[in-house]
Amino acid sequence: MKKIWLTTDGQPHDSILGVFTSQTGAERYRDLLVDRYALGKNLSLMGKPLAHDAGAWLLGLGPTVASRTVDDNLDFLRGAWMVKVDETCRMVSCEFSTKLKPGQPPATYRVGIHRICQAHGTTPHAALDAARKAMVSHLGRART
């Protein structure tokens with residue numbers, strides 16, 4: 001099987017920054033990203049460092065290189081449904097986007113006096129189930 005090499009941002013779920021046909025190309029791009037980011041390690045704006053993770057990136061804790069078999073692991077590719085639910089677990093929004101990933105973790109936030117939980121899935125039903133589970137979990141933590 002043919003392999004591809006990915007340069008990712010080092011976060012879970014393979015946030016892909018580039019796809020390469022060789023490991024050398026992926027590593028060269030990763031090294032270039034680290035060098036570019038490290039240029040800001042001694043700079044700050046209003047007392048806040050511009051590249052606060054530069055030390056970690058230089059130690060290898062930033063962008064990474066991973067190999068994948070072509071046509072395998074389709075869950076890291078973009079294209080997913082996003083569903084938002086309110087505190088009653090009623091769906092308030094549903095949309096499909098090629099910018100989203102199905103495996104992206106759910107997020108909970110406030111809109112005025114309401115709490116909203118959004119989750120992603122390969123189908124609208126899977127996204128709705130994930131959003132409801134995340135909201136129930138969030139409400140359970142908020143009460144204790």
Legend entry - Sidechain-backbone polar pair: T7 side chain, A26 backbone, donor-acceptor under 3.5 Å: yes
Inset, instruction - Look at the side-chain heavy atoms of Ile, Leu, Val, Met, Phe, Trp and Tyr, link any pair under 4.5 Å apart, and say whether L128 and I116 land in one connected group. - result: no
Inset, instruction - Might you point out which heavy atoms bring V34 and P63 nearest each other, and give the distance in Å? - result: CG2-CD, 4.2 Å
Inset, instruction - Walk me through it: do L139 and R115 pass the test side-chain contact (heavy atoms from CB on, under 4.5 Å)? - result: CA-CA 9 Å; L139 292 174; R115 291 183 187 159; 3.5 Å; yes
Inset, instruction - Find out if a path of hydrophobic residues (ILVMFWY) with successive side-chain heavy-atom gaps under 4.5 Å connects V92 to V111. - result: yes
Inset, instruction - Flag yes if L58 and Y37 sit in one hydrophobic cluster, no otherwise; membership is Ile, Leu, Val, Met, Phe, Trp, Tyr, and two members link when side-chain heavy atoms are under 4.5 Å apart. - result: yes
Inset, instruction - Mind checking the CH2-CD spacing from W81 to E95? Nearest 0.5 Å is all I need. - result: 9.0 Å
Legend entry - Considering all heavy atoms, the nearest T122-P102 contact: CG2-CB, 3.7 Å
Legend entry - ILVMFWY cluster, W57 and L32 together (side-chain gap under 4.5 Å): no
Legend entry - Nearest-0.5 Å distance, CZ of residue R30 to CG of residue L17: 12.0 Å
Inset, instruction - State, to 0.1 Å, how close C89 and R132 come at their nearest heavy-atom pair, and which atoms those are. - result: O-NE, 3.0 Å
Inset, instruction - Treating Ile, Leu, Val, Met, Phe, Trp and Tyr as nodes and any side-chain heavy-atom pair under 4.5 angstrom as an edge, say whether L43 and M46 lie in one connected cluster. - result: yes
Inset, instruction - Over all heavy atoms of both residues, which pair between K3 and S67 is shortest? Give the atoms and the distance, please. - result: NZ-OG, 3.9 Å
Inset, instruction - Identify the two heavy atoms, one from V83 and one from A127, that lie closest to each other, and give their separation to 0.1 Å. - result: CG2-CB, 3.6 Å
Legend entry - Nearest atoms (heavy-atom pairs only) where A80 meets K101: CB-C, 3.6 Å
Legend entry - Gap separating the CD atom of E87 from the NE2 atom of H138, nearest 0.5 angstrom: 8.5 Å
Inset, instruction - Kindly compute the distance separating OG (S22) from CZ (R28), expressed to the nearest 0.5 Å. - result: 6.5 Å
Legend entry - Contact check, side chains of Q118 and Y109, non-hydrogen atoms, under 4.5 Å: yes
